[in-house]
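Data first, discussion second: the structure below is written as structure tokens.
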Amino acid sequence: MSVARIVSALQFCPGGCVFGARASRDPAPSLQSRAFNLLLGLLPHKERLASAEAVQAHVQKLALQPASFEPPNLGGGVEVTLTKMGGWPVYYTAPSSGHEGCNYVMFLHGGGYINEIAAAHWRFIGEMTRKARVCCVVPIYPLAPRATAKDVVPATAELLRMLLEDAGPAKVTVVGNSAGAGLALAACQWLRDRGHRQPSRMVLISPAADASVSRPEQVAIAARDPIQDIPGIVEAGRLYAGELDLGHPFVSPLYGAFRALAPMTIFAGTRDLLYPDSVDLAERARAAGVAVELHLLRDQPHNYALMPTPEGRQARAIILREVA
């Protein structure tokens, strides 16, 4: 099914649809999520992506005052260890009760490749560790423009390869949100191309799969997106691309090959200007024989799965079942 047909179908699917699994009709967007969309629109997120100049100013500010990547208190039941691999800080979280027999998650954070891991990411990592009893591996990858896709994708893939080796028979799931989801997909394509095994599953939350943001329908969606805007996303992608073209699969993994990849679970909302790419991603992967489950919810914003709404909690419950 084409993007245009699925967008059209959503007119008759008021709460959102699940494609690739048993179809379902979800309830209309909750009052909490509608209120949260209004709140997001009052915050400065979108202003920082309104123009290339705004992104450049933000990057320059972060260069002078780097944001902390250290985890906050993740609450009881979670142990945190810091090590370095390939010069990157890498955090490990594990259940305090012991990690014997635990499965693994590699979590790749979002932030447009220019922002550091955020408190909301850490809260979700703590939730997965505590509730699903998994060990999480959290690479603190360097940010653009200091580091670019040419180096970040292979290094991330190599960390994942080592985790897959060390995990033995345990399940390894890669969970990424936004830019981290794009990085997860690119890293798995890199592993496949070099004959290495795939993780058990990819969980892709609002994936940044195409840095060009060039679909005509995205202009109209951007007007309703409370968080993102097209000029800033394109500029952040340009900084991350470095000497590569925006269409290179390291930068825009939507244009990579999908054969022999791990099964995917994708979460997207129709107030996210990136959601048409999620639809296309699901269709391209499915056409290549990859098992895909796409959770597409009407009127949910970018990264809704990590938000404190009923829809977010429902998405996280699905993820917890996938990774456990």
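- R192 contributes no side-chain N or O that, together with a main-chain N or O of Q198, makes up a donor-acceptor pair within less than 3.5 Å.
- Panel note: side chain R133, backbone H99; no donor-acceptor pair is recorded below 3.5 Å.
- Screening H109, H302, H121 against S178 for a side-chain hydrogen bond (donor to acceptor under 3.5 Å, both in side chains) leaves a single residue, H302.
- Cluster annotation: L43 and V55 are assigned to distinct hydrophobic clusters (Ile/Leu/Val/Met/Phe/Trp/Tyr, side-chain heavy-atom contacts under 4.5 Å, transitive).
- Proximity of a side-chain donor or acceptor of R201 to a complementary backbone N or O of E322 within less than 3.5 Å is not detected.
- In this structure, the separation between CG on L39 and OG on S33 is 12.5 Å, given to the nearest 0.5 Å.
- The shortest heavy-atom contact between D272 and I221 is O-CG2, 3.6 Å.
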inquiry  = Could you walk me through whether S68 and E116 satisfy the side-chain hydrogen bond (donor to acceptor under 3.5 Å, both in side chains) test, starting with their C-alpha distance in whole Å, then the side-chain angles of each, then the deciding distance to 0.1 Å, before giving a yes or no?
reply    = CA-CA 7 Å; S68 172; E116 197 50 88; over 6 Å; no
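- Across all their heavy atoms, K171 and V323 have their closest contact at CE-O, 3.6 Å.
- Side-chain heavy atoms closer than 4.5 Å link hydrophobic residues (I, L, V, M, F, W, Y) into clusters, and following such links, even through other members, never connects Y304 to I227.
- With rounding to the nearest 0.5 angstrom, the OG atom of S97 is 8.5 Å from the CD atom of E79.
- Evaluation of the side chain to side chain donor-acceptor pair (under 3.5 Å) rule for T129 yields T93 as partners, not counting sequence neighbours.
- When hydrophobic clusters are built by joining Ile, Leu, Val, Met, Phe, Trp and Tyr residues whose side-chain heavy atoms come closer than 4.5 Å, directly or via intermediates, L49 is not grouped with L40.
- Applying the salt bridge (charged side-chain N to carboxylate O under 4.0 Å, His left out) test to residues at least two apart or on different chains, none of the pairs has a partner in residues 29-53.
- Relative orientation of the H295 and F267 rings is parallel, given thresholds of 30° and 60° on the angle between their planes.
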